[in-house]
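Working notes, beginning with the structure itself.
Note that this is a predicted model, so its numbers are computed, not measured. Below, chain A is the first sequence line, B the second, and so on; all start at residue 1.
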Amino acid sequence: MELRYRAPEGMNDVLPETSHLWQQLEARWREHCHAYGYREIRTPIMEYAELFERSVGETSDIVSKEMYVLQRGEERYALKPEGTAPVVRAYIEHALHSAGGVQKLYYITPFFRGERPQKGRYRQAHQFGAEIIGTALPYADAELLAMVMHFFQSLGIPADALELRLNTIGCPECRPAYREAVRTFGRENFARLCKNCQARLERNPLRILDCKECVEVTAEAPPIDPYLCDECRAHFETLQQLLKTLDVPYRRDFRLVRGLDYYTRTTFEVVAEQGLGAQNALCGGGRYDGLVEELGGAPTPALGVGIGVERTLLVLHALGIPLPEPPTLEVYVVAFGDIARPTALQVAQQLRHVGIATDLDLEGRSPKAQMRLANRSGARFAVLLGETELAQHAATVKDLHTHEQTLVSQTELPEWLRSRLPKS
RNA sequence: GGGAUCGUAGCUCAGUCGGUUAGAGCGCCUGACUGUGGCUCAGGAGGUCGUGGGUUCGAGUCCCAUCGGUCCCCCCA
């Protein structure tokens, strides 16, 4: 059939058969964050475009070719292409530092990037995010990484299905020297680099390190370690020791340089062995010690993570991890004949008022059709109302598992059912 | 932005060398049972074969274009 309207390319509907999984995942994320001392923050779905141009970087792919920009009058907005910059903006705007200490903020948000969709990559995607703002110490990095791995583990993803990749990209003090070293290396091996890397060698030489096409060449590229300043080296070494203490396995990956300009020091991602196709990063993040200041706040070190919700769902599915069943109805009310319909509605309301999930036919169907719907609904009990029951102010309750039928007075009905339904 | 691949019913798919009215399973609706579900049986609704053009006496089938889905490069969650 030719569809007149469809969802925009790369944007998906979450239908009832899967929305309960989203609810479940979201609930788990909230619980998890609360257990680690985070509080939720919600920011608008769009920001002034300049916020992302300043933070993510004008030359980054995200800003230069993937951002959805809306113009209204003089104002330029952008649908958020990532979650960190808005949180930092809100942190500054509302002076959250004044509460004292470290701010731990979590969120659940859609984000938008105008790319060609493929498996695990969409134009509207969703992410679970967590940010720790206000500490430069590696304890925060270690706790964040432990929390992320703990989250995946709590969903039932076995540890050997995931790999935490960890790197440091230094700070504005020491990175320039390393950047030069990589650039020099690139020039020396110019002919062996792909066209893309040849082009970006001058503009952003570190990016050649995570180019898949150039892995053979860049395997010989210099590692950052000798270039790190004392502070960055100490930070990274302590972080690695802490991860060992916390039993968080990781792999050092000196190619891991991220595509957003604001990262400093620690960068990381978690990749899945299977289920995700080419886009195999389940989450990514790192430190952004310069961002708060860059956006007009006081110099404030910080770090954060973004977890792809769609990708997490794909991995859970691919690994065959049992996911919770959708909630079903508990009671279905059946009216025999139009005469019983008003009472049926009334009885359904009574049951709903005491928290029993109840439904009934609203289109005047035959008793048989109503029973079919009762059966299909997953309800444990059918409440049958006909002339006989009406005359006695009662209802026939049918247990749809055992087929047992019992006559119960309408006043006792809610309690009768409640005591026989599993507690939720 | 570049590439590969696939478009027939709500879903999964058949459809011969181009040949009459385009099929199946599942799902949906109705009935067998006018107050009783699941199983069974019978019946029914639902398709401009993605769209447009071309070749032909004749196109779901061949050719061209176009739109859409999926996946890949790029990039990233």
Selected nucleotide, minimal atom distance to F336(A) side chain, candidates G37(B), G35(B), C71(B)
G35(B)
With a non-hydrogen cut-off below 4.0 angstrom, is Y332(A) in contact with a base, only sugar-phosphate, or nothing?
nothing
Quick one: is C71(B) close enough that its OP1 or OP2 comes under 4.0 Å of any side-chain N or O from R116(A)?
no
Expressed as a whole number of angstroms, how long is the span from F111(A):CZ to A77(B):P?
7 Å
Below 3.5 Å, does any donor atom in the side chain of E389(A) face an acceptor in the base of G35(B), or the other way round?
yes
Taking CZ from R365(A) and P from U30(B), how many angstroms apart are they, rounded to a whole number?
5 Å
Any donor-acceptor pair under 3.5 Å from Q370(A) side chain to A335(A) backbone:
yes
Base, sugar-phosphate or nothing for E115(A)? Non-hydrogen atoms, less than 4.0 Å.
base
For L384(A) and G37(B), give me the distance from atom CG to atom C1', rounded to whole Å.
10 Å
Residue K368(A), side-chain heavy atoms: nucleotide from G69(B), G37(B), U30(B) that is nearest
G37(B)
Base, sugar-phosphate, or nothing for G284(A), non-hydrogen atoms under 4.0 angstrom?
sugar-phosphate
Out of C76(B), U36(B), A77(B), which has the shortest distance to the side chain of R121(A)?
A77(B)
Regarding U36(B), can its base be found pairing with the side chain of K398(A) as donor and acceptor, where the two atoms are less than 3.5 Å apart?
yes
Tell me which nucleotide among C28(B), G37(B), C71(B) gets nearest to the side chain of Q118(A).
C71(B)
Length of the OH-P vector between Y122(A) and C72(B), whole Å
10 Å
Suppose we call a contact any N or O donor and acceptor under 3.5 Å apart; does that hold for the side chain of R6(A) and the base of C67(B)?
no
Could you check which nucleotide pairs with U56(B) in any of the strands shown, counting Watson-Crick or G-U wobble with both distances under 3.5 Å?
none
From the list C72(B), G37(B), C76(B), which nucleotide is the closest neighbour of the side chain of Q279(A)?
C76(B)
Is it true that N204(A) and R207(A) share a donor-acceptor pair across their side chains at a distance under 3.5 Å?
no
Please say whether more than 12 non-hydrogen atoms of neighbouring residues, nucleotides or ligands are located less than 6.0 Å from NE2 in H317(A).
no
Candidates K368(A), R341(A), R372(A) - the one meeting salt bridge (charged side-chain N to carboxylate O under 4.0 Å, His left out) with D361(A)
R341(A)
